[in-house]
Undergrad: 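First the structure, then my questions, so here it is.
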Amino acid sequence: MTRPCILVVDDEPNGRRMLEILLSRLGCDVLSAGDGKSALKQIGESAINLIITDINMPELDGLSLLAALKTMGITTPVILVTAYGTDESALTALNQGAFDYLVRPLCLDRVESVIRKALERH
């Protein structure tokens, strides 16, 4: 079985690095981007099985990235992550097509469970 490739999008280097380490330990290949625009470029160049993106980023935030993917017809599952989670923002994200919505600080068991479910369904 091939290793899944996951794109981590976060403007905070520490947030990206933490997810990169976790995903590597789970046996995934990991790509990363510091913003939504860079992510879109990588998505066009690589076979990506899952996208994990921060919501709050400059220029192209996580919800805008999700909308751009839908417009492009890309069906790769997207997990949105935020440190400023509210019920309203979670509902918005899920209604716009996010696979799931995680709030920081992240519970690693929950992150692993959500990632496995997203990869199984994709």
Undergrad: Check whether I79 and V9 end up in the same hydrophobic cluster, where Ile, Leu, Val, Met, Phe, Trp and Tyr are linked by side-chain heavy atoms less than 4.5 Å apart.
TA: no
Undergrad: My understanding is that only residues two or more places apart in sequence, or in another chain, count here; which of them pass side-chain contact (heavy atoms from CB on, under 4.5 Å) with K117?
TA: F99, S113
Undergrad: Are any non-hydrogen side-chain atoms of D61 and N56 less than 4.5 angstrom apart?
TA: no
Undergrad: Would you compute the distance between atom CD1 of I51 and atom CD1 of I6 and round it to the nearest 0.5 angstrom?
TA: 10.5 Å
Undergrad: Looking only at atom types and distance, does a side-chain atom of T71 sit under 3.5 Å from a main-chain N or O of A67, one as donor and one as acceptor?
TA: yes
Undergrad: Any link between L40 and L7 through a network of hydrophobic side chains (Ile, Leu, Val, Met, Phe, Trp, Tyr) touching at under 4.5 Å?
TA: yes
Undergrad: For N49, give me all partners under side-chain contact (heavy atoms from CB on, under 4.5 Å), at least two apart in sequence or on another chain.
TA: P4, C5, L119, H122
Undergrad: So which pairs with a foot in residues 75-102 pass salt bridge (Lys or Arg N to Asp or Glu O under 4.0 Å), sequence neighbours left out?
TA: D100-R110
Undergrad: Taking only residues two or more places apart in sequence or in another chain, which ones pass salt bridge (Lys or Arg N to Asp or Glu O under 4.0 Å) with K37?
TA: E59
Undergrad: Do L102 and V111 touch side chain to side chain, with heavy atoms closer than 4.5 Å?
TA: yes
Undergrad: Which heavy atom of L60 sits nearest a heavy atom of G36, and at what distance?
TA: CD2-C, 3.4 Å
Undergrad: Looking only at non-hydrogen atoms, find the nearest pair between L50 and A118 and report the distance.
TA: CD1-CB, 3.7 Å
Undergrad: Looking at CG of D35 and CG of L65, how far apart are the two atoms once the value is rounded to the nearest 0.5 Å?
TA: 9.5 Å
Undergrad: Supply the atom-to-atom distance S46 OG to I48 CD1, rounded to the nearest 0.5 angstrom.
TA: 5.0 Å
Undergrad: For residues 18-33, dump all side-chain donor-acceptor pairs below 3.5 Å to protein atoms at least two apart in sequence or in another chain.
TA:
residue	atom	partner	partner atom	Å
E20	OE1	R17	NH1	3.3
E20	OE2	S32	OG	3.0
S24	OG	E20	O	2.9
D29	OD1	R3	NE	2.8
D29	OD1	R3	NH2	3.2

Undergrad: Using the test side-chain hydrogen bond (donor to acceptor under 3.5 Å, both in side chains), find all partners of D11 that sit at least two apart in sequence or belong to another chain.
TA: none
Undergrad: Determine whether M57 and V8 fall in the same hydrophobic cluster, where Ile, Leu, Val, Met, Phe, Trp and Tyr are linked whenever their side-chain heavy atoms lie under 4.5 Å apart.
TA: no
Undergrad: By side-chain contact (heavy atoms from CB on, under 4.5 Å), which residues pair with I74, not counting sequence neighbours?
TA: I43, L69, M72, T76
Undergrad: Quick one: list whatever passes side-chain hydrogen bond (donor to acceptor under 3.5 Å, both in side chains) with T92, sequence neighbours left out.
TA: none
Undergrad: Please name all residues satisfying salt bridge (Lys or Arg N to Asp or Glu O under 4.0 Å) with E112, sequence neighbours left out, ordered by chain then number.
TA: R116
Undergrad: Start with the C-alpha gap between V78 and T53, add the side-chain angles, then the distance that decides, and say whether side chain to side chain contact (heavy atoms under 4.5 Å, CB included) holds.
TA: CA-CA 7 Å; V78 177; T53 182; 3.9 Å; yes
Undergrad: Does anything in residues 39-58 form a salt bridge (Lys or Arg N to Asp or Glu O under 4.0 Å)? List the pairs, not counting sequence neighbours.
TA: D54-R104
Undergrad: Just to verify, what does A93 make a side-chain contact (heavy atoms from CB on, under 4.5 Å) with, not counting sequence neighbours?
TA: L63, L80, A98, Y101
Undergrad: Could you tell me which residues satisfy side-chain hydrogen bond (donor to acceptor under 3.5 Å, both in side chains) with T75, sequence neighbours excluded, listed by chain and number?
TA: none
